[in-house]
Structures are given as C-alpha cells and as structure tokens.
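Below you'll find the structure, written out as structure tokens, and then a few comments.
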Amino acid sequence: MTDPFVRHRSLLFTVAYEMLGSAADAEDVVQETWLRWAEVDQAQVTHPRAYLVRVVTRQALNRLRSLSRRREDYVGEWLPEPLLTTPDVAEDVELAENVSIAMLTVLETLGPVERAVFVLHEVFGTPYAEIAETLGKSPAAVRQIGHRAREHVAARRPRMQVDRSEQQAAVDSFLAAVSSGDVQALMAVLAPDVVVISDGGGIAPAARKPVVGAELVATLLARAAARTGFTASATWVNGMPGVRLDVDGSAAALSLVVSEGRITRIYGINNPHKLGRLDRVAELRR
C-alpha cells in the first residue's frame, strides 16, 4: 500500500502554497511535515489525511508569521510565486479560482489564523471542529473567524469570469495584441479601468505602484514589445490561462483577470527569485 504521505503529497503542497503564496516555502513546509510523519507511530494514526493536513497547517502557520514580517520590508508590490499548471487544474473551477494569483493576493490581506481557517474550510472543506483542533481554539471561535475571513475576501476579490471559453478568447486576443505591440488592439481587449500590479522585488524593473487605465497600460505593453528579443507565449498560470513574456533572457509571468470579455487586472511577476517554477508543472490537488 502506498505511504499516506506519498499519496497526499500534492494535497499537502497545495495547502501549504495556499497558506504561503510561495512554492519554495511550501516545499520546505511539506519536507518538515514528512520529517514529523516519519517520527510518529503511523499505525496509531486513524485518519492519516487529516493528521497530515493538521501538521502541514501548523508548520505553514509558523512559517507565515515570520514571512509576514519579511514582506513588510519588500521593495514594491508583493505578489505570490506563480506556478506552471496544466489545463486539468482549471476543470476544478473552485480550486482554480482559489489558487489564482488574484485570490492569493487577496489572502495576503488576512491575518495568519484567518487565512488558515479560510483556506482549510472554504478551499478544502475541512469541518470547523477539525480546524479548531488544529489551531487549539473552540469550534465557535473558529466559525466566527471563518465568517470574518469570508466577508473580508468577498469585499476584496476581483470579479472573475467563470465562462472558460470567453476567458480564453480574451487571453488569446491579448496575446496576439501584445505580441504585435498593437496599442489599439490592446486597448480593445483591456477594460477602461484595467489595473496592472507588478512585482520585481527591487531586482527586476517593475512599477512600484499599480498602473491604472487602458491607454497607459497599452502604451507600456507596446513599449515592452518593441524591445529586442521580446516574445510572448500562452501558458497556464495557477490554474488560469496566462502569458509568459521573455525579453533579453529575462522572463515574466502574467496572470490575467477577465470580466465581461475584457481584461480587468494584470498581475505581472518578473522577480527572478519567484520564477523558478515556470519550467516544471506543479501538481495541485484538493
């Protein structure tokens, strides 16, 4: 029989990544979970999946508290580490939306405990009583935390288009326009109040604050397309259709939010320290 840790490893990585927004930190947390799993009497563990999720959550919480302090000193906008995924992740619509760059960015505005409760209950369907045991709190307290977290997320999450064919059509139009550097074609696919959020981490060129407005965004993208060696290619970023840009040996991942056939938000990650997972597919599971 397959070891429970091996069987649930993709799930554990997904939980940790949802909690942390960093694949590198999530991998570290999964490794720490394996070390703890190896030390217990596994024959005494009645429900291995629940046990492993409990351990990975506690480890992720410890890591998240220290990361929160580091991110306060981050240069410019902080965005999650993008993951290369396969189209099958998008087939689970709820999972795809919850692991999207847009959602992970919203989750960054939650406190560590609120984020844990939201992720475990809303994304993975963990009962409040089980979460309470993990966090050392009463079920009533956890339910209240979950209620606050849901309201917080609902007020901040971008409106996302569920129709995959319309979403794909908008991304395809954007890809064609940005590849040619056609400002008018870009403006046709961008919402008038489109917002671009860029993360260069103080290492790669990136706007320190969000850029707003179709004309300004189209002009910036066309200027990038005019650079020598510029290429744009379709890819899957965190369960959503996205775009990879390459310019003179440097890469960037674009995650696009589509509503009513137009792109309303673009998350651009070109911090090289966050792009290590763009060349190998991440296994995300619930």
Side-chain angles (χ1 to χ4, degrees), residues 21 71 74-82 97 100-109 155-161 163 166-238 240-275 278:
R71 288 172 189 173
Y74 195 79
V75 177
E77 298 282 343
W78 187 93
L79 289 175
E81 185 179 346
E97 290 188 357
S100 69
I101 296 294
M103 174 57 88
L104 291 173
T105 303
V106 173
L107 293 185
E108 278 295 309
T109 63
R156 290 163 177 79
R157 69 188 300 174
R159 182 181 176 189
M160 301 179 75
Q161 186 168 299
D163 188 305
E166 287 187 37
Q167 184 185 48
Q168 186 67 61
V171 174
D172 290 344
S173 296
F174 173 85
L175 179 61
V178 78
S179 295
S180 63
D182 187 330
V183 172
Q184 293 305 313
L186 280 165
M187 289 184 65
V189 75
L190 297 173
D193 57 351
V194 62
V195 178
V196 174
I197 301 173
S198 304
D199 178 351
I203 303 170
R208 297 289 180 91
K209 295 181 179 179
V211 178
V212 183
E215 186 172 356
L216 182 54
V217 171
T219 302
L220 288 173
L221 288 169
R223 192 177 300 157
R227 293 176 60 185
T228 304
F230 176 90
T231 61
S233 53
T235 190
W236 285 85
V237 179
N238 289 56
M240 298 283 183
V243 173
R244 172 175 174 150
L245 303 181
D246 288 276
V247 186
D248 296 332
S250 298
L254 303 186
S255 177
L256 312 174
V257 176
V258 176
S259 181
E260 298 180 355
R262 286 191 166 191
I263 293 164
T264 59
R265 192 163 297 213
I266 301 173
Y267 298 94
I269 303 99
N270 59 337
N271 180 345
H273 293 165
K274 294 186 176 184
L275 300 177
L278 282 186

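Just so it is clear, the structure is predicted and the values come from calculations on it, not from any experiment.
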Q: Look at the side chain of Asn270 and the backbone N and O of Pro205, then say whether any donor-acceptor pair between them is shorter than 3.5 Å.
A: yes
Of all the heavy-atom pairs spanning [X] and [Y], show the shortest one and how long it is.
X	Y	result
Val75	Arg208	CG1-CZ, 3.4 Å
Leu104	Pro80	CB-CG, 3.5 Å
Ala232	Leu245	CB-CD2, 3.6 Å
Ser198	Ala206	CB-CB, 3.8 Å
Ala188	Arg262	O-NE, 3.3 Å
Val217	Ile266	CG1-CD1, 4.4 Å

Q) So, Tyr74 and Asn271: side-chain donor and acceptor under 3.5 Å apart, yes or no? A) yes
To the nearest 0.5 Å, what is the distance between [atom1] ([X]) and [atom2] ([Y])?
X	Y	atom1	atom2	answer
Thr109	Arg156	OG1	CZ	5.5 Å
Asp199	Leu275	CG	CG	9.0 Å
Asp246	Arg227	CG	CZ	11.5 Å
Ile269	Ile197	CD1	CD1	10.0 Å
Leu79	Glu108	CG	CD	9.5 Å

With a 4.5 Å heavy-atom cut-off, do [X] and [Y] have their side chains touching?
X	Y	result
Val211	Leu220	yes
Met240	Glu97	yes
Met103	Arg157	yes
Val106	Pro158	yes
Arg265	Ser259	no
Glu77	Tyr267	no
Leu256	Pro241	no

Q. side-chain contact (heavy atoms from CB on, under 4.5 Å) with Ala218: which residues, sequence neighbours excluded?
A. Val183, Leu186, Met187, Leu190
In a table with atom names and distances, give each donor-acceptor pair under 3.5 Å that connects a side chain of residues 168-176 to protein atoms at least two apart or in another chain.
| unit_1 | atom_1 | unit_2 | atom_2 | d |
| --- | --- | --- | --- | --- |
| Gln168 | NE2 | Asp172 | OD1 | 3.0 |
| Ser173 | OG | Ala169 | O | 3.1 |

Q: Please say which of Val195, Val257, Val258 ends up in a side chain to side chain contact (heavy atoms under 4.5 Å, CB included) with Ile263.
A: Val258
